[in-house]
K.L.:
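Following this message is one structure expressed as structure tokens.
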Amino acid sequence: MDNSEVARVFDRIADLLQIRDEPIYRVLAYRRAAESLRSLTQPVDQLWQEGNLEEIPAVGKAISEKINELLTTGRLQFYDRLTSEVPETLLDLLKVPDVGPKRIARFWKELGITTLEELEQAGRRGQLQTLSGMGEQTEKRILQNIESIKAQQSDRVSIDTAWNLASTFLKQLEELPGVVDAQIAGSLRRGRETIGDLDFVVASTETLHIIQKIMELPDVQKVISHGDTKVSIELKQGMRAQVWLHSPERFGSALQYATGSQSHNVKLRELALSQGLSLSEYGFKREDGTEILCPDELSVYGALGLPWIAPELREDRGEIQAASRGALPALVEEGDFKGEVHAHTDWSDGSSSILEMSEAAMEMGLTYLVISDHSASLGVANGLSVERLRSQREEIRAVQKKLGKRIRLLQGTEVEILADGRLDYADSILAELDFVVASVHLSMRQSKEKIMARYISAVQNPHVDLIGHPSGRLIGRRDPIDLDMEVLLKEASNSGIALEINAHPDRLDLNENNAKRAIELGCKLVVTTDAHSPDNFQLRRFGIGISRRAWVPAESIINTWPVDRFLKWVKSRT
DNA sequence: GCCGTTTTCGGCCCGACTGTTTTCAGTCG
């Protein structure tokens, strides 16, 4: 069982306990443990073997015993007992908005409902409104919500889809007369790899008027709720969004609040309380009732004696403690990048010429670009034979001549790690190249042993500089390769090879947990776009988000280094 | 059920909005 599977068990326990109306703090303890397991960078079974389960935050005696039982037997008696009392199918009902544990318990006990289908049928028959405290409106709403979750295939969208939607809507918000400031908040601002709904904060002195105007915006398909400080809407593709409205002098606390995460906010509010302050989206309240207003986020954190904490770190993974010790990592920013080391051209499966890609890289402010087209075995991507690889070198030289000193063009490759563990080019060919990315695109379903043997031989090849998209996953479409990430990262650390954070929104590979572990083990990283067209260079922001969420110090990302230092590092590898 | 430079027991964030309530419960973030 891996970390997320164990976490899932505890999440389900929390849900079942809540339906059973157990004390809320018991429920929250299981939720916190699940969240903690999800953000754990090491495999939980490693900590288990070392006897260190209770070192996991939010895991105490009771939960560590349950993890022990799960990892030993693959089952959990406590869970089995729970599901023999509360039907597991009730958990599906939690996906329906406006349906929570209290209502589920009543549907089950008073109407005998145990499945989503039964809930829908009962709603159609008008049975839900017969319960006290429930009426026609609520029943109608629940039926509509069931419709809309059935229409949606997934409840989360990729980060670029969310980004595009949010950017367009943000512009509409900014253009409303009376809006002083507007910003994206929520999980999109924190850079999570997939996004459930969108959050915005608007600063204005005439919020009531603005709320009216927001509801009339062209992108708004449905208004879910609206009040004095908040409007909740549905945008295109069924994407839900919330907009919070506050006066400019409260904008900082509102933005901080709406950015979350929820558990970060809880920790921050607890810290505030310990200093005699109550924190909310309105600002701070002292015990005497007077307020501290925060027009920007700096003053929110500042009031608690903390430096500003970057949104990507706000996940309750120790960032508040680190901030108070002055130990936050120096995170990378867009402007830090000097080079792109993974990019394709129309020599393989890219859309554009070497010249077009080079010009686009220059426009992004980059000073070096590695052309790294696919190797011969990747036939579907028009991979380069040794002959074509050498001809390509001539064209790269010609383009370099044309562009002069404004950008340094380098020839690399994304060489295939073949099914038998050999690389697709001989070492003598790799030695002719400036930079070598080695990746797996073929035979991804091999056994873990075979996969690891392939990766380890690539990692130990002194000509290879970078392992591309190590897990091979495609978010929502293809599971990661069955590999032992801990072993791969340790091998990479030993050999000094770099690992990729591939910024493509379908990949984001390494993911944040693996990238964080890579840093803990002393690996070097790169953030690449794996660009197949000039506009793909824009995708780097998503990889930057992952690296920041992984607490990666900018210094560890080798394509932030100037070209001379970068080349010196490459040379030192062989 | 977890946790501790206020505590090993007694705490555990704060508010908006809806619908069904004559004062609030439930859900959500």
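All values derive from a computational prediction rather than experimental measurement. Hydrogens, waters and symmetry mates play no part in the numbers below; they use all other heavy atoms, side chains included. We name chains A, B, ... by the order of the sequence lines, and we start the count at 1 in each one.
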K.L.:
Across all strands, who's sitting opposite B/dT8 as a Watson-Crick or G-U wobble pair, both distances under 3.5 Å?
P.N.:
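By the stated definition (distances under 3.5 Å), nothing pairs with B/dT8.
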K.L.:
Return no unless some side-chain N or O of A/Y282 is found under 4.0 Å from OP1 or OP2 of B/dA16.
P.N.:
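The answer is yes; a side-chain N or O of A/Y282 sits under 4.0 Å from OP1 or OP2.
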K.L.:
Taking the P atom in each of B/dG26 and B/dT20, what is the distance between them to the nearest angstrom?
P.N.:
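Straight-line distance between the two P atoms is 14 Å.
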K.L.:
Hey, is the side chain of A/T138 poking within less than 4.0 Å of OP1 or OP2 on B/dT18, counting only N and O atoms?
P.N.:
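No, outside the criterion.
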K.L.:
Atom CD of A/E139 to atom P of B/dT18: distance rounded to whole Å?
P.N.:
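After rounding, the gap between these two atoms is 20 Å.
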K.L.:
Can you tell which of B/dC13, B/dG19, B/dC2 lies closest to the side chain of A/Q137?
P.N.:
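It is B/dG19.
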K.L.:
Could you work out which one of B/dG15, B/dG1, B/dC13 sits closest to the side chain of A/E270?
P.N.:
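From the listed options, B/dC13 comes nearest.
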K.L.:
Check the distance between B/dG29's C1' and A/D98's CG and give it to me in whole angstrom.
P.N.:
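After rounding, the gap between these two atoms is 13 Å.
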K.L.:
Does atom CZ (A/R106) have a neighbourhood of more than 12 heavy atoms from anything else shown, all under 6.0 Å?
P.N.:
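Yes, the 6.0 Å shell around CZ holds more than 12 heavy atoms from other groups.
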K.L.:
Rounded to the nearest angstrom, tell me the gap between atom CD1 in A/I142 and atom P in B/dG19.
P.N.:
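The distance from CD1 of A/I142 to P of B/dG19 comes to 11 Å, rounded to the nearest Å.
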K.L.:
Over how many whole Å does the gap from A/K140 atom NZ to B/dG19 atom C1' extend?
P.N.:
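It works out to 13 Å between those atoms.
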K.L.:
When the P atoms of B/dT23 and B/dC28 are compared, how many Å lie between them, rounded to an integer?
P.N.:
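To the nearest whole Å, 26 Å.
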K.L.:
Using the C1' atoms only, state how far B/dT6 lies from B/dC12, rounded to an integer number of Å.
P.N.:
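Straight-line distance between the two C1' atoms is 15 Å.
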K.L.:
Report the distance from atom CZ of A/R141 to atom P of B/dG19, rounded to the nearest whole Å.
P.N.:
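My rounded result for the distance is 5 Å.
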K.L.:
Looking only at side chains, do A/N145 and A/S148 share a donor and an acceptor under 3.5 Å apart?
P.N.:
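Looking only at side-chain atoms, A/S148 and A/N145 do not form any donor-acceptor pair under 3.5 Å.
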K.L.:
Does A/P57 or A/W244 map to a spot on DNA chain B nearer the 5' end, using the closest nucleotide for each?
P.N.:
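The residue closer to the strand's 5' end, by nearest nucleotide, is A/P57.
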K.L.:
Would you tell me if any nitrogen or oxygen in the side chain of A/R26 comes within less than 4.0 Å of OP1 or OP2 on B/dG1?
P.N.:
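Yes, A/R26 has a side-chain N/O under 4.0 Å of OP1/OP2 on B/dG1.
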K.L.:
Just checking A/E136: base, sugar-phosphate only, or nothing, at a heavy-atom cut-off of under 4.0 Å?
P.N.:
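The residue A/E136 makes sugar-phosphate contact but no base contact.
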K.L.:
Which value, in whole Å, describes the distance between the P atoms of nucleotides B/dA16 and B/dT22?
P.N.:
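That atom pair is separated by 23 Å.
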K.L.:
To the nearest Å, give me how far apart CD (A/E291) and P (B/dC14) are.
P.N.:
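About 14 Å, once rounded to whole Å.
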K.L.:
Please check the phosphate of B/dC13 (OP1 and OP2 only) for any side-chain N or O of A/Y25 closer than 4.0 Å.
P.N.:
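Yes, A/Y25 has a side-chain N/O under 4.0 Å of OP1/OP2 on B/dC13.
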K.L.:
Check whether any side-chain N or O of A/T229 sits under 4.0 Å from OP1 or OP2 of B/dC17, and answer yes or no.
P.N.:
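Answer is yes, contact under 4.0 Å.
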K.L.:
Just how far, in rounded Å, is C1' of B/dG26 from CG of A/L94?
P.N.:
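From A/L94 CG to B/dG26 C1': 13 Å.
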K.L.:
Is there side-chain contact between A/W163 and A/Q538, with heavy atoms separated by less than 4.5 Å?
P.N.:
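Not in contact.
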K.L.:
Does A/D228 reach a base, just sugar-phosphate, or nothing at all? Heavy atoms under 4.0 Å.
P.N.:
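Sugar-phosphate contact only.
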K.L.:
For A/I211 and B/dC17, what is the distance between atoms CD1 and C1' respectively, to the nearest whole Å?
P.N.:
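My rounded result for the distance is 11 Å.
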